[in-house]
Amino acid sequence: MLKNKFRFVTLHTKTAFLFAVGLAGIIFSSLFLTRYFFLFSLNELENIEIHKASSQASFVIRSLSSRQETASYDWAYWNESYDLLAKQDDGFAERNLHVDELDVLGLDFISYLTPDRRFQVGVGRDIEDIESFTTTVINDEGIAHHLIDMQSKLSANKTSISGLIRLDDDIWVVSVSPVRDGAADAPFAGWMIWGQHLSLRFPSAFEGILTASNSIIVDQEEMARLDFHSYDLNSDREHDSGVKRSKSELYHYTSLTDISGKVIAVLETKEPRTYYQKGEAVFYYLIIAIAVVASIVACITFVLFRNNIGKRFNYFEQDIKSLISSSDVDLEGHKDEFERITKLVQSLAHASSKTEGQLKDTLQKFEALYHSQSLGMVLVVEKMIVDVNQMLLDLLGYQREDLVGNNIEILCSHEAGDLCSADQLYINLAQGLRQFEAWLSNKEGDTVYCIIEATQFEQDGRISVMLSIKDISEQKQQAVLIDSLTHKDASTGLLNRPTVINLFKSYFQHSSEGDGFSLLYFNATRLKEIDEIYGHVAHDDVLKHFAECLLRNFGDQSVGRISENEFLVWDEEKNYVHLEEMANRVLEKYSSKMHVSGFEFDIGLKSALVPSSSHFDSFENFSYVGLYALTEIKAASKKGLVIVDEELKVRSKESLSLNRDIMLALKNNEIVPFYQPIVNASNGQVVGFEALARWKHPSLGMIPPGVFIPLAEQRRLIVELGESILDQACQFIKEIQQKSTSSSQNRLSIHVNLSSPHFNHKSLVETLTKMIKKYQLTQGQLVLELTESILLGSEEEIIDRMDVIKSLGVQLALDDFGTGYSSFSSLCNFPLDIIKLDKSYIDALETNDKAKSLVRNIIHMSQELGMTTVAEGVENASQLRKLNVWNVDEVQGYYFFKPMDKESALEKFAR
């Protein structure tokens, strides 16, 4: 029956029907295929995003562990930590172990253990029994195994360990570090344990940097149901795993392992499926719209095709033949024109659907860009705002109706001026400038610094502009902060040393004759003492107080901090009277004690003014004269402002030259000993020499020891200087003995002065051994003269060191006895061989009866103790007669011989 009905359907009706059905089928099949591949791409994108977010959270946890372990080394190698375990420092906990210190370090507990893992001391945040808690921590399988393994290691091979542990339902980041002294050469003293409560800190403390929602799961039953992979905190390797999806959210799970490798918790990372949901919704609406349109088009096509085909069939057939003959489509094998035209139409329909798909893809991309969550979008037509996206509204705080229909200049900040205006926008576009920065204003009137990208196009015959806007205020603030950190001192806000030096160098490079430039130095001499006595907080408060005073008086562009306690102020005016007045005002303010942090402080402020730079060619020379002036003030205990004059400039120039040259002088042996003979008091025979260091500078002439020896101490060259003089003196005494022609000549001694740093230097005994062997010195031939300051240390340690030196056959002499800190008890307590009486006592023998009595008694007491006495500075026969009456052993002074160089001494005495 149905077949008979279709028999009467005309050919053009069938053709129209088939054409309409085929067209609709092609459209819908292309649409569904496109939907499948689009959603598949969204799934892959979601996989990448969730893995990236999970890896980010895992990296945060891993970095917590590694940074804590690295930071713990400062405390583990701190001398105070070492003294706590090695010397039982009872005050350590009171000074350092408190909750405020935990806040500074970002920790929740600190504990110290003895080498046998017994609890020594500790502190914890909200931990009632820190000893029990510490015991629980070290009983963790991974930590316990590490501590047991370290028992068999040498002190130098003991290492730290860091990682996660689980205590009940809490996850902790724990690091265990061996405690050694700051020099790392003392034996291992015990263990230090640091810990952070990860369960309390993560993820709340890191929400600003984590891109997804994260949580740590510790429930065992819930962990058993999850699909997760292991993640080793000590490895950078990434692991892939499946992703769980719900209709609205994505889940990713990563296991957290403790130090022993056991899984103790699971890190859950969660993100909403925003892109997938929006994409699916768009496709549903698109399918419905296209279905309706396709149906309407198919019906209209069917009707029009059916109604017109009868009348124009012949023309249509001719047109078909013409179309087939001109077509590039391969129609071979088809029986008639209808089959061929059907094939041709299908080919055209396919091309049309492909073009439509590309258009829709472009529209979707534009839609995604327009509704971007990071870019604000504004559509402007003839300077009027016609549309904005939600991101721009959120960025500037407006409602849609506040902007749409208004001039674009409503967004411009009043601070921008002509840089942000509708006219300037079109000028930029006309010049080809598509990207520029501008100040925009939010609804509250605050300025938002943005970068704008403009695209111009025509819409309905009118010029339209699409603006994409991104907030870069944070980047600008960071740039300002970086610039501040680069040029400012972090503690005071003053210009830092590199910035000050660069400013001065630039001035000296571009200054001309007659330019004025005054420099003011401040030295707060007691800042370091305040730090040591009152601690860092009080020190920082005092430092800030002084810095604020300088900024108030001199401004922030002319004040710098060049060292821990030294500050510079400069002024390019030729008249320095104002600078002098301000300096005196600051000095007067700090002449009395200041009240800061509940204490009274005297910062010991001193100041020097260098009036002009006209005589200087570099910042180094200019700055050194001020530093030298401060040194002069300190040495002379002066008060008030010191203005540098020409004499002080000359002395500073000489000091700078000596500073530069002393290292080279030591290297080239320009500092040499002069030798003053020591004479037997009873018969006048030379029994030895004292080596006295002398420096003949190439340009400054002979430099007295009182100048270059303190300089060597400041430059930490005093040990090198002492070893150089010692070597030259030993070589001299060997040469003079070898050249002596008298077979009965006694063995001459050589006296060499030894500084306190040289006496305590670890290589002294080894150096003396080499010298004695190299120059074949006999017992008692080498005498080391010690200053009384050497005896001020630990008496037991000093005596032990003296005994070691004397065991080498070296005699010890106490130089300048009675002028320093020593007393008569020094003669009894220390194993000395020779006592040298200071020249000040010898000079007073003619006029001071007390000096006579003192010298006489020192000589007698020394002889009773079996010590040799040497009188220094003997300059006349009267002094010699008195000393001979009192039976002094040896004398030394200008009455017999002045100090002479090596060549003169050899010529005079080597016979």
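Below, all heavy atoms of this structure are taken into account, side chains as well, without hydrogens, waters or symmetry copies.
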Check: Would you say the side-chain atoms of Ser199 pair up with the backbone N or O of Ile171, donor to acceptor, closer than 3.5 Å?
Finding: yes
Notebook entry, point to check: Does Phe109 have its ring centroid less than 6.0 Å away from the ring centroid of Trp172?
Noted result: yes
Notebook entry, point to check: Can Glu249 and Arg273 be counted as an ion pair, charged N to O under 4.0 angstrom?
Noted result: no
Check: Is the backbone of Ser65 close enough, under 3.5 Å, to the side chain of Ser162 for a donor and an acceptor to pair up by distance?
Finding: yes
Margin query: Using side-chain heavy atoms (C-beta onward) and a distance below 4.5 Å, is Glu46 in contact with Arg245?
Written below: yes
Checklist line | Minimum-distance pair of heavy atoms, taken over all atoms of Cys450 and Leu440 | finding: SG-CD1, 3.9 Å
Checklist line | Nearest heavy atoms of Ala265 and Ile216, plus distance in Å | finding: CB-CG2, 3.8 Å
Note to self: The test is salt bridge (charged side-chain N to carboxylate O under 4.0 Å, His left out); show your working for Arg166 and Asp140 and say whether it passes.
What the structure shows: CA-CA 8 Å; Arg166 174 169 177 162; Asp140 176 81; over 6 Å; no
Notebook entry, point to check: Got a second to check how far Gln399's CD is from Asp402's CG, nearest 0.5 Å?
Noted result: 6.0 Å
Check: Looking only at heavy atoms, which two atoms of Ala57 and Phe202 are closest? And how far apart?
Finding: CB-CZ, 4.0 Å
Check: How far does OG of Ser58 sit from NE2 of His51, to the nearest 0.5 angstrom?
Finding: 10.5 Å
Checklist line | Heavy-atom side-chain proximity of Met384 to Val381 below 4.5 angstrom | finding: no
Notebook entry, point to check: Does the pair Ile217 and Tyr253 meet the rule for a side-chain contact (heavy atoms from CB on, under 4.5 Å), with working shown?
Noted result: CA-CA 10 Å; Ile217 300 173; Tyr253 299 96; 4.2 Å; yes
Note to self: Do Thr257 and Leu164 make a side-chain contact, defined as non-hydrogen atoms from C-beta onward lying under 4.5 Å apart?
What the structure shows: no
Check: Is there a side-chain contact (heavy atoms from CB on, under 4.5 Å) between Leu411 and Leu403 once you walk through the steps?
Finding: CA-CA 8 Å; Leu411 299 178; Leu403 299 179; 3.7 Å; yes
Next item on the list: Might you work through the side-chain contact (heavy atoms from CB on, under 4.5 Å) test for Val388 and Met377, ending with a clear yes or no?
Entry: CA-CA 6 Å; Val388 295; Met377 305 294 291; over 6 Å; no
Next item on the list: Can you spot which of Glu69, Arg67, Gln68 makes a side chain to side chain donor-acceptor pair (under 3.5 Å) with Ser175?
Entry: Gln68
Check: Looking at CG of Asp169 and CD of Gln220, how far apart are the two atoms once the value is rounded to the nearest 0.5 Å?
Finding: 8.5 Å
Item checked: Backbone of Gly106 reached by a side-chain donor or acceptor of Arg201 within 3.5 Å -> yes
Notebook entry, point to check: If only atom types and distance count, is the side chain of Ser55 paired as donor or acceptor with the main-chain N or O of Lys52 below 3.5 Å?
Noted result: no
Next item on the list: Measure the OG1-CD distance between Thr269 and Glu49 for me, rounded to the nearest 0.5 Å.
Entry: 12.5 Å
Notebook entry, point to check: Just how far is it from atom CG of Asp387 to atom CG of Leu392, taken to the nearest 0.5 Å?
Noted result: 10.5 Å
Checklist line | Over all atoms of both residues, closest heavy-atom pair of Pro203 and Leu210 | finding: CB-CD1, 3.9 Å
Checklist line | Pairwise side-chain contact, Leu64 with Gln196, heavy-atom cut-off 4.5 Å (strictly under) | finding: yes
Notebook entry, point to check: Are Ile264 and Ile165 side-chain neighbours, meaning at least one heavy-atom pair lies under 4.5 Å?
Noted result: no
Notebook entry, point to check: Under 3.5 Å, is there a donor-acceptor pair between the Thr211 and Gln56 side chains?
Noted result: yes
Checklist line | Side chains of Leu396 and Val448 in contact at under 4.5 Å (non-hydrogen atoms) | finding: yes
Margin query: Applying side-chain hydrogen bond (donor to acceptor under 3.5 Å, both in side chains), can you list everything that pairs with Asp103, at least two apart in sequence or on another chain?
Written below: Arg125
Next item on the list: Locate the shortest heavy-atom distance separating Ser54 from His252; write the atom from each residue and the value.
Entry: OG-ND1, 3.0 Å
Next item on the list: Mark yes or no for whether Asn442, through its side chain, and Glu444, through its backbone, hold a donor-acceptor pair below 3.5 Å.
Entry: yes
Checklist line | Note, Glu141 side chain near Asp258 side chain (heavy atom, < 4.5 Å) | finding: no
Item checked: Heavy-atom pair of closest approach, residues Ile161 and Ile259 -> CD1-CG2, 3.3 Å
Next item on the list: Given side-chain contact (heavy atoms from CB on, under 4.5 Å), test Ile469 with Val378 step by step and report yes or no.
Entry: CA-CA 8 Å; Ile469 301 172; Val378 181; 3.9 Å; yes
Note to self: Any donor-acceptor pair under 3.5 Å linking the side-chain atoms of Arg400 with those of Asn389?
What the structure shows: no
Check: Do side-chain atoms of Ser63 reach the backbone of Val60 as a donor and acceptor pair under 3.5 angstrom?
Finding: yes
Next item on the list: Rounded to the nearest 0.5 Å, what's the gap from OG on Ser215 to CG on Leu267? Could you check?
Entry: 7.5 Å
